[in-house]
Amino acid sequence: MTETRLRFPPSPTGYLHIGGARTALYNWLYAKKTGGKLILRIEDTDAERSTEESIRGIIEGLEWLGITYDEGPYFQTDFTADHVAAAGKLLQAGHAYRCFCTKEELDAKREKALAAKQALGYDRTCRDLTPEQVAEKQAAGLPSVIRFKVPDRQGLLGYDDKVLGRIECDYREVDDFVILRSNGKPLYLLSNVVDDIRDRITHIIRGQDHMTNTIRQVLLYEALDAPLPVFAHIPLTLDTKKAKISKRSHGEIVAVHFYRDHGFIPWAFNNFLVLLGWSPGDDREIFSREELIQAFTLERINKSSAVFNFRRDDPKFFTDPKAIAINEHYLRTMPIAELAPMVRKELEAEGLWDDAWAGDRQAWFFHTIDLIRDRFHTLKDFTSLGRAYFADDFTVEDKPLQKNVLKFPDLTTWLPALADRYAQAVIFDAVETERIAREMAEELEIKPGVLINAMRTVVTGQLAGPSMFEILPVIGRDRVVRRMREISRFFPAP
RNA sequence: GUCCCCAUCGUCUAGUCAGGUCCAGGACACCGGCCUUUCACGCCGGCAACACCGGUUCAAAUCCGGUUGGGGACGCCA
């Protein structure tokens, strides 16, 4: 059996979006599973829309996701000569012909057909031009494109799709498509096939929006006398209104970099993505890299499209809740040693990082992450909700302030008093701080919760969090005492 | 308009190919309860779907036909 060779061929006309990322992931998984190769090919034949920035963005996106490729990036424009040669060969062999119809004529016909609700498509005007007629028009300097000549055959044209099964349509339904523009530049349908043949691609995993392309490309493989690769058309990712997700209409929310910038763990995002159109057949949903490679098969890819259930401007769910849930799962369960570098990056970006946390204080750093991560959703939470553990410039949220502090003006004396006891305590650990706090509450004849919740508020800024007495030693006696003594600053001046 | 594809809880899906074990399972979300100094933590429970019509069959989510609905494509874009 020959080596499997797959490719991911993005067109560099924008950022990498989740649909493209998922396609890349499926190709990558299949390559890994079969011990094959993944090739990255930048399809930049549309010079007007291709940009350097987009190429960089796509590569960075793949890198962030951890989708590695074995060859490339190749650039399609580097192989223009091959494409042009192939077009010439098809012309010579009678598989293609020159067409002199102008864009204007074609546009007019298309619009007319659209208005009359007639079938769209090329009417074969130039298909049967005699060699003399062609020579005459060329001599007159008329520009021409090269069109593929769809064979005049009875019966059905088709191929076997790995996920959809047999796909067929009538030969007459396929238009004679353009393979070379009037300016001599090749077009996608041709370039793509020529490149796939040269790169010896064995499996093409792409979106179902390519199904009509595949039908036409099957003809190209035949005319070019090349073996047909295996095709697998994966379902599309739709938005909540069931429209195809696109960069243009959805913007950042569908961009891979959005998830990087919102504190997603790369593998968690892959794990979410793979489930959008594939399932292992049992109840598993969380997979390590190796488990997923092992479990992944083309046969278990879904036929029907999936809705990416993202939300906008929702304070709780800024994107698909399931994506967040999977991210949380990883955030809360992965080995601290793997999570710590990601947290470090977040802290560094906020200017909060202290090198000691990678040295003498690494145990503290790991313990702190472990203590607070249970309630976090993304890596961003470490520098927002968890800021008080790493810095003094944290925000005290209004809700706990109202509920736990301002409601009890006596706290301006109670809390500094408790702070004094903490300052003088022989030991400052969870057991001792709790004993002291409860003892004082008893003396004051108040519920311990009043002191505890007030402490939580001024020490962490948050309404909720881990056990208060676990928190205190982590934040450290000095900081705790200082924050408790400063409670008056939250009350309006008398 | 033409062609192609698809159709199970709000969302992602299992079950469909080999009909009975499915008055349909899991996850997320939602709702309720418990735990707790707090909580968007944890634990327990609940709500919730086979698009419709017909056929085949002792038996249909599963097979067949039709209807409806959704999506995609129809470029000298990729």
Side-chain angles (χ1 to χ4, degrees), chain A residues 9-13 43-46 48-50 76 99 101-103 106-107 110 113-122 143-147 161 164-165 167-170 172-175 177-183 185 187-189 191-192 207-215 233 235-236 238 240 242-244 272 275-286 302-309 316-317 320-326 328 332 373-377 385 400 403-404 434 437-438 441 447-457 462-469:
Chain A
S11 65
T13 55
E43 303 217 323
D44 55 351
T45 55
D46 187 349
E48 280 123 60
R49 293 197 300 150
S50 299
Q76 194 159 57
C99 167
C101 297
T102 65
K103 199 164 188 336
L106 262 18
D107 286 347
R110 195 174 301 121
L114 209 55
K117 292 196 185 290
Q118 301 279 296
L120 273 34
Y122 184 58
S144 62
V145 300
I146 296 179
R147 279 186 191 273
D161 190 286
L164 263 13
I167 302 297
E168 289 177 323
C169 83
D170 201 291
R172 283 169 306 204
E173 292 297 335
V174 187
D175 291 333
F177 52 94
V178 178
I179 55 177
L180 202 75
R181 306 187 226 214
S182 55
N183 66 2
K185 299 284 188 213
L187 253 4
Y188 170 77
L189 254 9
S191 303
N192 185 250
Q208 288 177 6
D209 50 346
H210 280 283
M211 284 177 71
T212 54
N213 289 334
T214 301
I215 280 288
H233 288 97
L236 264 20
L238 273 25
T240 48
K242 298 268 177 90
K244 188 170 90 160
F272 164 73
L275 262 13
L276 236 41
W278 173 87
S279 76
D282 52 40
D283 289 340
R284 286 179 298 164
E285 293 198 317
I286 300 294
N302 255 285
K303 291 179 175 181
S304 46
S305 44
V307 172
F308 177 48
N309 194 20
K316 197 167 161 190
F317 302 106
D320 191 319
K322 184 116 183 180
I324 298 175
I326 291 175
E328 283 167 6
R332 295 170 191 178
R373 65 172 172 169
D374 270 354
R375 287 160 184 80
F376 288 175
H377 309 277
L385 305 181
K403 186 178 161 192
N404 298 331
E434 177 162 11
R438 287 187 185 280
K447 283 192 280 187
V450 174
L451 291 177
I452 296 167
N453 289 326
M455 255 195 283
R456 180 185 300 286
T457 305
Q462 297 291 310
L463 180 65
S467 166
M468 195 56 222
F469 302 104

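Within every chain, numbering begins at 1; the chains are lettered A, B, ... in the order of the sequence lines, protein sequences first and strands thereafter.
- Taking atom P in both G25(B) and A40(B), one finds a spacing of 29 Å when rounded to whole Å.
- Side-chain proximity of Asn302(A) to the nucleotides U37(B), C4(B), A14(B) is greatest for A14(B).
- Across all strands shown, the partner of G69(B) is C6(B), judged by Watson-Crick or G-U wobble contacts whose two distances both fall under 3.5 Å.
- Spacing between atom CD of Gln462(A) and atom C1' of A40(B) amounts to 11 Å, rounded to whole angstrom units.
- For the OP1/OP2 pair of A14(B) and a distance below 4.0 Å, the side-chain nitrogens and oxygens of Ser279(A) include at least one atom meeting the criterion.
- Here C74(B) sits opposite G1(B) as a Watson-Crick or G-U wobble pair (both hydrogen-bonding atom distances under 3.5 Å).
- In this structure, Glu328(A) places its CD atom 10 Å from P of C28(B), rounding to the nearest Å.
- Looking at His377(A) and Glu328(A), their side chains do bring a donor and an acceptor atom within 3.5 Å of each other.
- Across all strands shown, C35(B) has no partner, as no Watson-Crick or G-U wobble contact with both distances under 3.5 Å is found.
- Interface remark: the Glu285(A) side chain does form a donor-acceptor pair with the G26(B) base, using a distance-only criterion of under 3.5 Å.
- When heavy atoms are screened at a 4.0 angstrom cut-off, Gly281(A) is found touching the sugar-phosphate backbone but no base atom.
- A 3.5 Å limit on both hydrogen-bonding distances identifies A27(B) as the Watson-Crick or G-U partner of U11(B).
- Figure legend: Arg147(A) and Tyr122(A) shown as a cation-pi pair, the cationic atom lying under 6.0 angstrom from the six-membered ring centre and within 45 degrees of its axis.
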*Passes side chain to side chain contact (heavy atoms under 4.5 Å, CB included), Leu164(A) versus Met211(A)? Steps please.*
CA-CA 10 Å; Leu164(A) 263 13; Met211(A) 284 177 71; 3.7 Å; yes
*Quick one: do Gln208(A) and Lys244(A) satisfy side chain to side chain contact (heavy atoms under 4.5 Å, CB included)? Show the steps, please.*
CA-CA 11 Å; Gln208(A) 288 177 6; Lys244(A) 188 170 90 160; over 6 Å; no
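- Residue Met468(A) is classed as a base contact, given a heavy-atom separation below 4.0 Å to a base.
- Checked by atom type and distance alone, the side chain of Asn404(A) never pairs as donor or acceptor with a backbone atom of Ala454(A) at under 3.5 Å.
- Dashed line: the shortest gap from a side-chain N or O of Arg110(A) to OP1 or OP2 of G1(B) is not under 4.0 Å.
- Between the base of C6(B) and the side chain of Ser305(A) there is no donor-acceptor pair shorter than 3.5 Å.
- Nucleotide C58(B) forms a Watson-Crick or G-U wobble pair with G20(B), both donor-acceptor distances falling under 3.5 Å.
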*asked:* Is there a side chain to side chain contact (heavy atoms under 4.5 Å, CB included) between Leu187(A) and Leu180(A)? Walk through the geometry before answering.
replied: CA-CA 6 Å; Leu187(A) 253 4; Leu180(A) 202 75; over 6 Å; no
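- Here, C34(B) and C41(B) have their P atoms 16 Å apart, quoted to the whole Å.
- A distance of about 16 Å separates the P atoms of U21(B) and G15(B), rounded to the whole Å.
- Of the candidates C3(B), U11(B), C39(B), U11(B) carries the atom nearest the Asp320(A) side chain, counting heavy atoms from C-beta on.
- Going from the P atom of G10(B) to that of A24(B) covers 15 Å, rounded to whole Å.
- Nucleic acid contact class of Pro321(A) (heavy atoms, under 4.0 Å, all strands): sugar-phosphate only.
- Judged by distance alone with a 3.5 Å cut-off, a donor-acceptor contact links the side chain of Lys322(A) to the base of A27(B).
- Distance from the side chain of Met211(A) is smallest to C5(B) among U38(B), C39(B), C5(B).
- Across U13(B) and C52(B), the matching C1' atoms stand 23 Å from one another, rounded to whole Å.
- Using a 4.0 Å heavy-atom distance criterion, Val307(A) is classed as a sugar-phosphate-only contact.
- Atom C1' of nucleotide C74(B) and atom OH of Tyr122(A) are separated by 16 Å, given to the nearest angstrom.
- With contacts defined as side-chain heavy-atom distances shorter than 4.5 Å, the pair Thr457(A)/Gln462(A) does not qualify.
- OP1 or OP2 of U37(B) sits under 4.0 Å from a side-chain N or O of Arg438(A).
- Looking at heavy-atom distances under 4.0 Å, Leu120(A) makes contact with a base.
- Comparing Ile452(A) and Leu164(A) against RNA chain B, the residue whose closest nucleotide sits nearer the 5' end is Leu164(A).
- Per the geometry, CD belonging to Glu173(A) stands 15 Å off C1' belonging to C5(B), to the nearest Å.
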*Evaluation steps, salt bridge (charged side-chain N to carboxylate O under 4.0 Å, His left out), between Arg284(A) and Asp282(A)*: CA-CA 6 Å; Arg284(A) 286 179 298 164; Asp282(A) 52 40; 3.2 Å; yes
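- Note on Leu189(A): nothing from the nucleic acid sits closer than 4.0 angstrom, heavy atoms only.
- Distance CD1 (Ile215(A)) to P (U2(B)): 19 Å, rounded to an integer number of Å.
- Rounding to whole angstrom units, CD1 of residue Ile324(A) and C1' of A27(B) are separated by 15 Å.
- Using a 4.0 Å heavy-atom distance criterion, Phe376(A) is classed as making no nucleic acid contact.
- For Asn453(A), taking side-chain heavy atoms from C-beta onward, the closest of the listed nucleotides A78(B), U13(B), U38(B) is U38(B).
- Under 4.0 angstrom from either OP1 or OP2 of G72(B) there lies no side-chain N or O belonging to Lys303(A).
- Listed for the Arg332(A) side chain is a donor-acceptor partner under 3.5 Å among the backbone atoms of Phe376(A).
- You'll find that the side chain of Asp374(A) is closest to C41(B), out of C41(B), G72(B), A78(B).
- Mapping Pro280(A) and Leu463(A) onto RNA chain B via the closest heavy atom, the residue that lands nearer the 5' end is Pro280(A).
- At a threshold of 4.0 angstrom between heavy atoms, the contacts of Ser467(A) include nucleobase atoms, whether or not backbone atoms are also involved.
- At least one side-chain nitrogen or oxygen of Lys244(A) sits closer than 4.0 Å to the OP1 or OP2 atom of A73(B).
- Judged by atom type and distance alone, His377(A) reaches the base of A40(B) through a side-chain donor-acceptor pair under 3.5 Å.
- Within 4.0 Å of Gly277(A), counting heavy atoms only, lie sugar-phosphate atoms of the nucleic acid but no base atom.
- Listed pair Asn213(A) / C77(B) fails the phosphate criterion, with no side-chain N or O lying under 4.0 Å from OP1 or OP2.
- At the heavy-atom level, Pro466(A) lies under 4.0 Å from base atoms of the strands shown.
- Computed from coordinates, the Glu43(A) CD to A78(B) C1' distance equals 7 Å when rounded to whole Å.
- An OP1 or OP2 oxygen of A78(B) is reached within less than 4.0 angstrom by no side-chain nitrogen or oxygen of Thr13(A).
- Asp282(A) comes within 4.0 angstrom of no nucleic acid atom, judged by non-hydrogen atoms across all strands.
- Relative to the side chain of Leu106(A), the nucleotides G42(B), A29(B), C76(B) differ in distance, and C76(B) lies closest.
- Following rounding to the nearest Å, Asn309(A) (CG) and C28(B) (P) show an atom-to-atom distance of 15 Å.
- Distance alone, capped at 3.5 Å, is enough to place a donor-acceptor pair between the Asp170(A) side chain and the Arg172(A) backbone.
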